[in-house]
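Step one of this worksheet: look at the structure below.
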Amino acid sequence: MEKENSFFQRVYKVVEKIPYGRITNYGAIARYLGSARSARMVGWALNQTKFQVPVFPAHRVVNRQGLLSGKKHFGGHDTMAQLLLSEGVQVVENKIVDFADRYWDPIKELPPISVWLDNEK
DNA sequence: ATTCTGACAGCAA
DNA sequence: TTTGCTGCCAGAA
């Protein structure tokens, strides 16, 4: 069990806000949360959301090159790619085709994390 | 308690 | 341009 406002919890809150059909990357989330060098941990956090119900949109997070680096953690074969395809996001050879157009940056789209946290108190 | 290992990314060489 | 090291946080051994 983690603390309520642990880094992990924050990651989840941000990922939940990623719009349908849009994607972002690990680094962007880390930066948004104020620890720019924790991109790695974002992935680690998502790893704990496997097989969660309702489906946690972890498939909307890829690495900065648009590659589905977390693919293997979705069990089966191309589950991650298929989830994306079902949202209209084209994937070719583990890579998102129109990455730039689909890109969603939490830093631009969401209010500052500080404001957000206040809101929930 | 200490050490290791990640779904990454930035920077030094 | 490519490779390698390091930071960051949490959990497992």
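It should be emphasised that the depicted structure is a prediction, and the values quoted were computed from it without experimental measurement. Below, chains carry the letters A, B, ... as their sequence lines are ordered, and counting in each starts from 1.
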*asked:* So does A:Thr24 get a backbone contact from the side chain of A:Arg60, meaning a donor-acceptor N/O pair under 3.5 Å?
replied: no
_Contact nearer the 5' end of DNA chain B, comparing A:Arg64 with A:His59_ = A:His59
*Are OP1 or OP2 of C:dT6 and a side-chain N or O of A:Arg40 less than 4.0 angstrom apart?*
no
*asked:* Would you say A:Asn47 places a side-chain N or O within less than 4.0 Å of OP1 or OP2 belonging to B:dG6?
replied: no
*asked:* Without decimals, in angstroms, what is the distance between A:Lys72 NZ and B:dA7 C1'?
replied: 8 Å
*For the pair made of CD in A:Gln65 and C1' in B:dG10, what is the distance, rounded to whole Å?*
13 Å
*Using whole Å, report how far CD1 of A:Ile29 lies from C1' of C:dC9.*
15 Å
*Choose from C:dA10, C:dC8, B:dA9 the nucleotide whose nearest atom is closest to any side-chain atom of A:Tyr26.*
B:dA9
_Spacing of the P atoms in C:dC5 and B:dC4 (rounded, Å)_ = 15 Å
_Distance in angstrom units between A:Asp105 CG and B:dA9 P, rounded_ = 13 Å
*Starting at the 5' end of DNA chain B, which residue's closest nucleotide do you reach first, A:Met41 or A:Asn25?*
A:Met41
_Tell me the interatomic distance from A:Asp78, atom CG, to B:dA7, atom C1', rounded to whole angstroms._
16 Å
*Nearest to the side chain of A:Asn63 - B:dG6, B:dA7, B:dA9?*
B:dA9
*Atom pair distance, as rounded to whole Å: CG in A:Leu33 and C1' in B:dC8*: 14 Å
*Send over the distance from A:Lys95 NZ to B:dA7 P, rounded to a whole Å.*
21 Å
